[in-house]
Amino acid sequence: MKRTDTSNPDYFHQVVDCQWGCPAHTDVPEYIRLIAQGRFTDAYMVNRESNVFPGILGRVCDRPCEPACRRGRIGQKPVAICRLKRVAADYREDVSDRLPVIPRQKNGKKIALVGAGCASLAVANDLMPLGYECTIFEAQSVPGGLMRYNIPAFRLPVAVLDEEINMILDMGVEIHYDHPITSMKALLDEGYDAVFVGTGAPRGKELNLPGRYDTENIHIGIDWLESVAFGHIEKIGEKVLIIGVGNTAMDCCRTSLRLGAKDVKVMARKPREFFKASDWELEDAEEEKVEIVINRSPKEFVVEDGKLKGMTFEVMEYDIDNGRITDTRITGEEFIPCDDVVLAIGQENAFPWIERDLGIEFNKWEEPAVDETTFESSLKGVFFGGDSAFGPKNIIWAVEHGHQAAISIHLYCNGLDLNDRLPDTLNLGSRKMGMHEWSYSNDFDPAARRIMNHVPLGERFKEITREVELGFDAEQTATEVERCLNCDIQTVFFDNLCIECDACLDICPTDCLTIVPNGEEVDIVASLKAPRLEKDQPLFVSDGLKQTGRVMVKDENFCVHCGLCAERCPTAAWDMQKSILGFPKAKNYVEDDSCQQRKAG
Amino acid sequence: MTYIKKPRIDLPGRGRNEIGLTMRDYEGGLSTLCAGCGHDSITAAIVQAFFELSTPPESVIKLSGIGCSSKTPAYFVSGAHGFNSVHGRMPSVATGAMAANRDLVCIAVSGDGDSLSIGFGQFGHVVRRNLNMLYIIENNGVYGLTKGQFSASADPGSKAKKGEVNVMQSIDPVSTAIALGGSFVARGFSGDRAQLVPLIKAGIRHRGCAVLDVISPCVTFNDHEGSTKSYAYTRENYHPAVYTDFVPPAEQIEAEQKDGEATTVTMHDGSRIKLRKADNAYDPSDRSAVMHYLEDRRTKGEVVTGLLYIDEDLPEMHAIAQTEAEPLSGRAFSDLSPGAAALAKLQKGMR
Ligand SMILES: Cc1cc2nc3c(=O)[nH]c(=O)nc-3n(C[C@H](O)[C@H](O)[C@H](O)COP(=O)(O)OP(=O)(O)OC[C@H]3O[C@@H](n4cnc5c(N)ncnc54)[C@H](O)[C@@H]3O)c2cc1C
Ligand SMILES: Cc1ncc(C[n+]2csc(CCOP(=O)(O)OP(=O)(O)O)c2C)c(N)n1
Ligand code: SF4
Ligand code: SF4
Ligand code: SF4
Ligand SMILES: [Mg+2]
């Protein structure tokens, strides 16, 4: 095999599993180390740079980083990355003097943003410091989109939301509330330099079964949550059935309990392994005594004299082979009484306000044709991002779409090629401090994941806005930060220094290193000290070593970044170096950087 | 050395041996040797050998003298018995231990200074006595622990780190052990784990004194240009004469494929050693031919490795002394020390 090209930023990026897994590439290990040093404000700013809403995301992020976490591969639970993000937000000081300076002299370009959800806010966050004039049109009377009126306040307090949204609005964004855009044509005619559509996926899916429209007590989940958030709905019946078992269902069942329901059942068509809801949301719901009933497929709403009596379900049986359903049978029927039903079976995009003759193409599912890199629609100068672009995802994806769309808008406004994007960058810096000293905590800590403390069940339902999670205390934080394996402190190999003494191979606690004769990948993989279990994990192969011509091979999969290989190496052929990865944002496309702007501003 | 201990991380899918232990269970304390020392690599080979042999740690006794090499028993099989003795006097202590408990699995680690300088006499006699042990000499050509003076195994003409040239003749532990009537004599290299592990296993299972000389570069004092015990020199002049495979009793020997030259030696416990010769003419049971071969290669500067000489039929110490089969250590104290009256009676019979 040829020497692995570690100068390509992707190689070391992929080693930092959480950062690789994060759509916005948040530098997780860096902020965890800052927290460990008590530098909460710095940790917050590292987060904000990538994900814009650390306080919000520290509570409700979908956290794709956690299943990716290396800890999870060495037989333990992942680091509580999301909880630590909240620690940074909870303990930070005022950051107003660290936010970008907004130039008084504008650049003359006006951008219209439709919807004040996280996607549009992220775009404004990136463009305002560059001198753009951003105008948001929002249908509701408050900003935030689903973060505000679908994610319940007991998970995400309004104060947290307001603070982080205001950091952006206070940059001087012009925002028009109660201003739904009803015609794209009319908006385009207003002469903005570019338009960004961040209207989300606002339509909840229907369940058209007999009886659906014979009662008032069947609700569409996202609309119902919205009505609750705005105070239009304040109670619900005693017995409630939630249809569907995704995250929306979890918010619906827990909200029901807070509106007076006593018996809440979440009805799932399939067994648990097929649930869409995140594990932690399921756990929280079950802790609140929500019953999750599996293998029940809705058949009929039973309504007598205009009053909902309950629902009939088909009892399902599945043959499952290797996580896949191979056969389905109906083994019977069951009637379950209830007073209300909430449908939580999904959302879709809807653009009734975009005329179809403007050049914005839609596919047969009414989804706009959006470029995955530039986020431009088929009409030049019109961009989509967040749930409106590719259907419902989550906040962190919406933020990343926002970053990318902001770059495109900037390029577009300057008449540049939208595909001419800056490459990701990689810088490496040694973390060696002395013979046996590294400027990171390299000793492996076997501690188990800390568990979030919750408000006691008895207290929880008294007030609908009572935040359930209490956040980590000092002890929990101190333990949890040490669980991070510092995956960004990379093992960097200098081929010409190795004398093949095997010291690194022997000391490695997880057998990731092997010296073998060079050959085809299959042969090299077959002779590794430890079996290669994750094909997607990077494999490093060195040049021929100078004494025997064999190659040093590292399977990154199980490396715990303990630095022992580097400490054991007599010739410093291995070094532990921090990878600083750069993911260009709109500001990086501007030549006179923020320093100069600061002076001018 | 390192300041943090190699962490214990039990990964999914890691192997256990016949007695349910993992490789990590055969490790010892944190090594305090220099980073890159060949001795650490030999320690790792010992760990692997014991793991693969499924040896119960408590059945092992590990002994040593003084030196960097002699520190290493602390770094493997922490569940074993151990005795870190006086400089060059390990063979006496080993003899005592094995006399008292012949059932122990005895592994001794010594250095070229410990065995060929101060302990040369002890070394010679334990080989002659054919004590049932594996005697490893971690050979780096210097006294590592005392900062790199030439040892008795330093080759004439080889250079010390600061440039002075060794003018005395060297003692080769391999030819010496064969000349002394050794029953199992081998040489390995710390940088060739694939060869070293079977040699260690065979040495452990050999009934008698198995001498295993292992070239083990001292990275700090003897790994420079001009050294004949460096990683680079050893690799350049490396010459395996026989490839050794160790086959435990239960296993079938795989059908021979390409190497028609393989011979098999069956050991007392039923294990077999399969020897594949690199040089066709080489016969590890022909003592004078082996001596001739070694001398020929020595003059060419080659580092000859492999299981170089074996005689499974030479009687070991207990057989020579015709002691009881039951270990003395298993006897009641009153049996071992029957009192003054019994002594007087014994002495009377000798007058
Ligand atoms: C119940 C529920 C719970 C969720 N929980 C989580 C969670 O815990 N974590 C997570 O990461 N994600 C969660 N999500 C998903 C997340 O909320 C969305 O992916 C995210 O809000 C999408 O952001 P957006 O900016 O694209 O759109 P939205 O947040 O939907 O914002 C769109 C905005 O546009 C406005 N708008 C729409 N049409 C118009 C128009 N024509 N004119 C003007 N304004 C308009 C809307 O009023 C809204 O303010 C949840 C979703 C739901 C439904
Ligand atoms: C009786 C006695 N004499 C001298 C010493 C000093 N001394 C300690 S180690 C050593 C030489 C060790 O050399 P070697 O056995 O080759 O071990 P290495 O350190 O090279 O592995 C000497 C001379 C001693 N400890 N005791
Ligand atoms: S840092 Fe080095 S020694 Fe530690 S696990 Fe990774 S490869 Fe192994
Ligand atoms: S410890 Fe250093 S010199 Fe020794 S094998 Fe490893 S990389 Fe090579
Ligand atoms: S001085 Fe030499 S023999 Fe001793 S530990 Fe260091 S490298 Fe090994
Ligand atoms: Mg020595």
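Worth saying up front: this structure is predicted, and the values here are computed from it rather than measured. Reckoned from all heavy atoms, side chains included, excluding hydrogens, waters and symmetry mates.
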Count the heavy atoms belonging to other residues, nucleotides or ligands that lie under 6.0 Å from CD of A:Gln37, then report whether that count exceeds 12.
yes
Residues in ring pair (Phe, Tyr, Trp, His ring centres under 6.0 Å) contact with B:Tyr135, at least two apart in sequence or another chain:
B:Phe123
Hey, which of A:Gly75, A:Ala503, A:Pro509, A:Cys508 has the most heavy atom pairs under 4.5 Å with chain B?
A:Pro509
When rounded to the nearest 0.5 angstrom, what is the spacing between OG in B:Ser230 and CD1 in A:Ile499?
9.0 Å
Got a sec: does the NZ of B:Lys147 have more than 12 other heavy atoms crowding it under 6.0 Å?
no
Non-hydrogen side-chain atoms of B:Asp40 and A:Arg568 separated by less than 4.5 Å:
yes
Contacts with chain A made by residues 231-243 of chain B (heavy-atom distance under 4.5 Å), listed by residue number:
B:Tyr231, B:Ala232, B:Arg235
Neighbour count >12 (heavy atoms, 6.0 Å) for atom CD, A:Glu475
yes
Side-chain contact test, heavy atoms from C-beta onward, threshold under 4.5 Å: evaluate it for A:Ile507 versus B:Ser31 and give yes or no.
no
So which atom in A:Asp502 and which in B:Ser190 form the shortest heavy-atom distance, rounded to 0.1 Å?
OD2-O, 4.3 Å
Looking at B:Gln149, I want to see if its CD is surrounded by more than 12 non-hydrogen atoms of other residues, nucleotides or ligands under 6.0 Å.
yes
Minimum-distance pair of heavy atoms, taken over all atoms of B:Ala35 and A:Pro570:
O-CB, 3.1 Å
What's the shortest heavy-atom distance between B:Arg193 and A:Asp506, and which atoms?
NH2-OD2, 2.7 Å
Per-residue contact mode, A:Asn442 against chain B (heavy atom under 4.5 angstrom)
both
So which of B:Ser41, B:Ala44, B:Gly191 has the largest heavy-atom pair count under 4.5 angstrom toward chain A?
B:Ser41
More than 12 heavy atoms of other residues, nucleotides or ligands under 6.0 Å from CD1 of A:Ile451: yes or no?
no
Is it true that, when you exclude A:Lys529 itself, more than 12 heavy atoms of the residues, nucleotides or ligands shown sit nearer than 6.0 Å to its NZ?
yes
Can you tell me if NZ on A:Lys546 sees more than 12 non-hydrogen neighbours from other groups inside 6.0 Å?
yes
Option in B:Ile9, B:Thr220, B:Val219 with maximal non-hydrogen atom pairs under 4.5 Å from chain A:
B:Ile9
